[in-house]
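Just so you know, ligand 1 is whichever comes first in the structure, and atom 1 is the first atom listed for that ligand.
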Amino acid sequence: MSEIYNIIDKQKLDIVSKPISEAHGLPNECYISKEYTLIERKKLFEDKWIVIGVGSSIPDEGDVKPIDLLGIPLLIVRTKNKEIKVFHNICSHRGVKLVKEAGKIRNVMRCSYHSWSYDLEGKLVATPHIGGMNIHQIPEFDKSKSNLKEIRSYIWLDLIMININKNEISFEDYISPLSQRWEKFWPLKDRELIHHANDYGYFKLDAKCNWKFAIENYCESYHLPWVHPGLNSYSKLEDHYHIQGLPNRFAGQGTVVYNPSFEGNEKFPCFPNWPKDKENIAEYVALFPNVMLGIHKDHYYAYWLEPINHEFTIEHMEIYYVGDEAANSTKYKSLRQKNHKQWEDIQKEDVDIIQSMQIGRNSPAYNGGNFSLKMDNPTHHFHKWVAGNLI
Ligand code: FES
Ligand SMILES: [Fe+2]
């Protein structure tokens with residue numbers, strides 16, 4: 001019997017994966033229980049490919065960035081040869097968290113407790129006084145066995161993907177269904193042109209709720225008329241279609257009327273191989289568990305989630321344009337500012353609503369809720385992914 005059943009009734013979990021007409025959503029425990037979250041951390045965050053940041057945030061050699069994922073201390077490093085590596089952020093001596101703040105390392109990462117030091121490749125290079133006063137190495141201790149523990153990683157669309165337990169299939173295979181879906185309008189050679197904007201390319205929002213609400217909400221367009229009346233005025237509910245990836249790893253929605261118009265009628269340059277007959281298509285796909293992607297003919301964004309605990313999540317928005325000029329020149333600056341503001345306003349509207357769902361999950365009267373047979377299919381798809389992977 002799986003350990004999840006000590007926390008959640010088997011019946012309550014089984015019903016999630018029934019056909020949508022009979023299903024209920026994930027039970028309240030999945031949003032309010034700390035004990036449940038420990039199982040989720042292992043099954044959904046350690047066993048799967050997840051996102052922990054973007055390469056653009058550590059552009060230069062020696063840049064380091066710690067991140068704690070539901071309490072697991074991790075460390076992202078840009079090495080001397082400009083590669084990105086991810087390590088467990090703990091000193092191999094007494095287990096102190098090694099790097100506490102993002103910054104630049106000139107030579108070594110030095111532990112604050114007894115000064116053991118590691119180079120940018122994670123190699124343990126100094127163990128002061130390990131053999132007694134002024135004896136810094138001893139034959140009984142083989143330093144090479146106590147390097148930082150590296151985590152399997154892969155960079156895709158600037159996203160730093162990791163698989164902590166090294167048990168998933170290769171990332172290339174994992175992402176292939178989504179990658180192939182996009183090939184018909186966003187071919188691989190265009191994806192290489194993405195540039196992160198340095199000025200208006202990032203914002204973050206605090207969401208006082210479980211991380212799953214952000215994903216569920218992103219999967220559906222049903223809420224558009226009421227939560228985003230501004231957006232709905234030009235991209236209406238009826239212009240959207242559902243996306244449910246198979247094998248079940250992603251879900252979301254697309255629109256057929258993406259045609260941005262900002263004051264002054266300025267436009268960003270478009271991806272050169274995005275076909276003309278598909279230029280009004282934009283897709284919003286959540287790649288489970290923790291990143292929401294938006295692709296358009298003239299920009300791409302990745303909105304990734306940093307779950308802090310079962311009821312608090314930090315949302316990070318990273319915005320990219322086609323080529324460096326669109327991303328960083330003054331020519332497009334005011335347009336970037338407007339686009340940034342537009343997304344920030346929309347995401348804030350969503351944060352308000354998902355925080356209310358968190359409050360609702362404290363009600364003993366709630367049974368996971370009912371899905372609309374026509375509108376909630378991608379959300380149900382995500383719930384099935386969660387329920388199926390917990391066992
Ligand atoms: S715990 Fe890091 S040097 Fe002792
Ligand atoms: Fe929304």
**Message:** Using 30° and 60° as the class boundaries, would you call the ring planes of Trp182 and Trp156 parallel, tilted or perpendicular?
**Reply:**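 Parallel.
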
**Request:** May I ask you to decide if the ring planes of Phe171 and Trp49 are parallel, tilted or perpendicular, using 30° and 60° as cut-offs?
**Result:**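 Perpendicular.
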
**Request:** For atom 1 (S) of ligand 1, grab the closest protein heavy atom and report residue, atom and distance to one decimal in Å.
**Result:**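 Sorting protein heavy atoms by distance from atom 1 (S) of ligand 1 puts Arg94 N, 3.2 Å first.
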
**Message:** To 10 degrees, how wide is the angle NE2 (His228) to the Fe ion (ligand 2) to NE2 (His223)?
**Reply:**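 Here the angle at the metal atom is close to 100°, to 10°.
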
Need the ligand 1 atom indices (1-based, order shown) with element for anything under 4.0 Å from a heavy-atom of [X].
X	result
Cys91	1 (S), 2 (Fe), 3 (S)
Trp116	3 (S)
Cys111	1 (S), 2 (Fe), 3 (S)

**Asked** Would Asp350 count as a contact for the Fe ion (ligand 2), in the sense that one of its N, O or S atoms lies under 2.8 Å from it?
**Response**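 Yes, since at least one N, O or S atom of Asp350 sits under 2.8 Å from the Fe ion (ligand 2).
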
**Request:** Would you mind checking if Glu315 and Lys204 are paired as a salt bridge, meaning a charged N to carboxylate O distance below 4.0 Å?
**Result:**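 Here Lys204 does not pair with Glu315 in a salt bridge, since their nearest N and O are not under 4.0 Å apart.
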
**Check ion pair Asp142-Lys145 (N to O, under 4.0 angstrom)** =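 Looking at Lys145 together with Asp142, the answer is yes, because their closest N to O distance falls below 4.0 Å.
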
**Asked** Under the criterion salt bridge (Lys or Arg N to Asp or Glu O under 4.0 Å), which of Arg106, Lys104, Arg78 is the partner of Asp63?
**Response**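 That would be Lys104.
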
**Polar side-chain atom of Ser170 near backbone of Asp173 as donor-acceptor pair, under 3.5 Å** =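 Checking the backbone N and O of Asp173 against the side chain of Ser170, a donor-acceptor pair under 3.5 Å is found.
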
**Request:** May I ask you to check whether His93 brings an N, O or S atom to under 2.8 Å from atom 2 (Fe) of ligand 1?
**Result:**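 False for His93.
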
